[in-house]
Amino acid sequence: MSSKPIPPPPPPHLSISTYLRRHRLSHRHLKHLHAQIIRRSLHHDPFLLTDLISASFASGTVRYAARLFRSLPEPDVVLCNSMLKGFTQNHLPQLALSFYVTEFLELGFSPDGFTYPYLLKACAAASDAALGRQVHASVVKADGDAFALNSLVDMYFKCGLAEPALRVFRGIRRPDPATWNVMVSGFLNLGDVKSAMEVFDRMPYRDVVTYNTLMSAHMKNGDLEIARRLFEEMPERNHVSWNALISGLAQNGRNDEALSMFREMLDSGFKPDSTTVLAVVSACCGGTYLPDEDLITRIVSLAESSLNLVSVSTALLNMYAKFGEVEEARRIFDGIPEKDVVAWNAMIGGYAQNQRPADAVELFRLMQRECGDGVKADEQTMVSLVSSCGQLGVLSLGEWVHAFIEKNDIKSDIFLTTALIDMYAKCGDVDRSIELFQSMPVKDLASWNAMITGLAIHGRGGEALKLFSLMEANAIIPNSITFIGLLNACSHGGHTKEGLELFESMKARYGIVPRIEHYGCVVDLLGRARRLDEAHELVKSMPIEPDLVIWGALLGACRSQKNVRLAEEAASRLVELDPTHDGNYVLLSNVYASLGDWERVESVRAAMKANQVRKTPGCSSVNVGGVVYEFKAGDVSHPRAGEIFAAWDGIVERIKPLGYKVDTGVLMKNILEEEEREEAVHRHSEKLALAFALICLEGDESKVPVRIVKNLRICSDCHNAMECVSKVEGREIVVRDRNRFHHFTDGRCSCGGYW
DNA sequence: TTCCCGATGT
């Protein structure tokens, strides 16, 4: 169903013909006009019908144009020429050629001066040199004009035949500018730059097109200096010259130069078109930040005024999304009247890349509702959607999307399959990832990386290392992402020795400069292996300024090993680096509390107040019966809060016999009374999610796992409790926390204490 | 209504 309004009729001061020629009209609008033509009994007017057919071809509705043609009792040569043009214009040169053979000639028409250029263009586009030669004979017989001869030269070049092209050229008595230009671009298209330059040198006059052709050829070859020189020395320039310069610079990564040439173009009074805007936006995207407000305003006003094209808007939308301005991207998206699949993909992908997976999924649903048959989701849509499912960690949603892909015959190419591997791993079903990985006929680096990272977050370090050996055996060169996965796999799997060796070989053998993420992994690795001094040395000797993650890893290690001095340093650095984050204060306070230094505990509390610390509330979601429920820590506002709290208390009673004892050590000591602290621990979001799921699943014999996703790391008390519950309930519990997966089965967790 | 130059957005 379409809610688009009926388009307005042409204003009275214009004839329908003029209106058709002046505007680019949608198919819907054309049908409306056609109806008017019939109502006014004008549908036998051949001139009007020719205009209507041309407009239909321009709007891409080829079948409609063909139907209109057949509705005319007496087509003429002009109309047939338009048909030839229209088919080729719509990238259907074979249809143009078969139209020529089976209709044009059959109807008894002879080609006129306009027929040859269209026809030869179709031959060139279809690479049909055989038919081209026949047309050549016909051109000779009919003593064709300059247009026909130039088109012949062009056709032979585009069919890859330089010799016949040269023969035709030599027979041309007075080559015109177009002739020379066809020669230059002909040789360039064959990759013969030398011959092209020879022609250029022999030319009696060079027009702006000649310069443009050569300039963009040099741009493509990366010969920017030559291209620049040609631009400087050309006697006159048109907007194509500027476009070739700007887009050439942008494609060669010279984004700032591209932007400054754009400014010069505007100052010189040239009117940018959609190509200009696309090149400029591409230059902006290549940069590290959005250009200044003034330039953006100019680009946006250009894009919004005369060039209201979906391609331009999409490029602009994409630029905002790339720099994290998702709301602005959405504003542009909402303003696109006829969104195509690329526009939808850009916006859905924008949400996915900006960690807004729920919005991505919602927009996809809107796409399904609004688009009917007009716009169909494709591979690109699915990559973003699958990635969003991974971010959400909702297995059932991911499975639904996978089924959607198969039901709609969307091709699972290497990118999409890799996205599925990543999604299944992030949704807790890494075995499914392995199946997909093994089924891939061709794997690229990203596929290997996804699989290694997937194994890593599930603590299956040994398998990740084996996979890496296989990867090396297959001569796939790892990159820095591979090593983040591997180092993570080692630290989550307790493979200290292998991890340190990998870190060395990454630098020595593969020449990869470690990024801060790599250092983080190694600090973590050493910390878990109780090699605190080495970890500290590494932090001090790193060539990069340590960040929150590094100090956090070190602090984590100090806590478990009661190294108070180092812990104090790490925790104070954490507070320095992010004074608005509550967790850092809690950690620092706990260090002082463990020393019995209540004075400092008090000062941390004061600092916390003074800095207006933001709390990141713990938040967990759980999927029951295909619906995702969200829980915030201590959330009393939940409609079933009382029931859920009571259920948890019941669970506690049942797991006490297994040795569960509430552990409040995770909370800020000396700030809350012991009773309050217990209360707070019992209301952690993952516990509420679990209790809720168990209420819903009461009496369920299928024993499907409970799958919980948490935004922060799971605390040690919740971890203990989950182990016990998995035993008394005889049900697997899968928790994805900020770092990794925990599979709780029969009283044990798959992480084996490494988390 | 005709030939030659720039680019096609995720």
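Here is the naming used below: chain letters follow the sequence lines, and residue numbers restart at 1 for every chain. Here the structure is a predicted model, which is why all the values come from computation and not from measurement.
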Does Ser311(A) get its side chain close enough to the base of dG9(B), under 3.5 Å, for a donor-acceptor pair?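 In this structure, the two groups form no donor-acceptor pair.
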
Check: Asp273(A) side chain, dG6(B) base, donor-acceptor under 3.5 Å: yes

Just wondering, do Glu327(A) and Tyr320(A) contact through their side chains at under 4.5 Å, heavy atoms? no

Protein-nucleotide distance ([X], atom [atom1]; [N], atom [atom2]), rounded to Å:
X: Met183(A); N: dC4(B); atom1: CE; atom2: P; value: 15 Å
X: Asn212(A); N: dC4(B); atom1: CG; atom2: P; value: 14 Å
X: Ile410(A); N: dT10(B); atom1: CD1; atom2: P; value: 20 Å
X: Phe47(A); N: dT1(B); atom1: CZ; atom2: P; value: 11 Å
X: Phe200(A); N: dC4(B); atom1: CZ; atom2: C1'; value: 14 Å
X: Asp154(A); N: dC4(B); atom1: CG; atom2: C1'; value: 7 Å
X: Arg237(A); N: dG6(B); atom1: CZ; atom2: C1'; value: 15 Å
X: His218(A); N: dC5(B); atom1: NE2; atom2: C1'; value: 15 Å

Look at all strands and tell whether [X] reaches a base, only sugar-phosphate, or nothing, counting heavy atoms closer than 4.0 Å.
X: Val182(A); value: sugar-phosphate
X: Asp340(A); value: base
X: Thr213(A); value: sugar-phosphate
X: Gly113(A); value: base

Among [options], which is the nearest nucleotide to the side chain of [X]?
X: Ala178(A); options: dG6(B), dC3(B), dT10(B); value: dC3(B)
X: Lys220(A); options: dA7(B), dC3(B), dT2(B); value: dA7(B)
X: Thr275(A); options: dC3(B), dG9(B), dA7(B); value: dA7(B)
X: Asn81(A); options: dT1(B), dC4(B), dG6(B); value: dT1(B)
X: Asn150(A); options: dT8(B), dC3(B), dC5(B); value: dC3(B)
X: Ser82(A); options: dG9(B), dC3(B), dT1(B); value: dT1(B)
X: Gln251(A); options: dC3(B), dA7(B), dC5(B); value: dA7(B)
X: Phe147(A); options: dT2(B), dT10(B), dG6(B); value: dT2(B)

Checklist entry - Lys121(A) side chain N/O closer than 4.0 Å to the phosphate oxygens (OP1, OP2) of dC3(B)? => result yes

Output yes when at least one side-chain N/O atom of Asn318(A) is less than 4.0 Å from OP1 or OP2 of dT10(B), else no.
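Yes.
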
I want to know whether Tyr118(A) and Phe99(A) have ring centres closer than 6.0 Å. no

>> Under 6.0 Å between ring centres: does that hold for Phe333(A) and Trp344(A)?
In response: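 They qualify: ring centres under 6.0 Å apart.
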
Can you check whether Gln134(A)'s main-chain N or O pairs, donor with acceptor, with Ser138(A)'s side chain at less than 3.5 Å? no

_Salt-bridge present (Asp334(A), Arg330(A); N to O < 4.0 Å)_ = yes

Q.
Strictly below 4.0 Å, N to O, side chains only: are Arg331(A) and Glu328(A) in salt-bridge contact?
A.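 Yes, charged N to carboxylate O under 4.0 Å.
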
*Could you check whether Tyr118(A) and the base of dT1(B) form a stacked pair, meaning centres closer than 5.5 Å and planes differing by less than 30°?*
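Given the distance and angle limits, no, they do not stack.
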
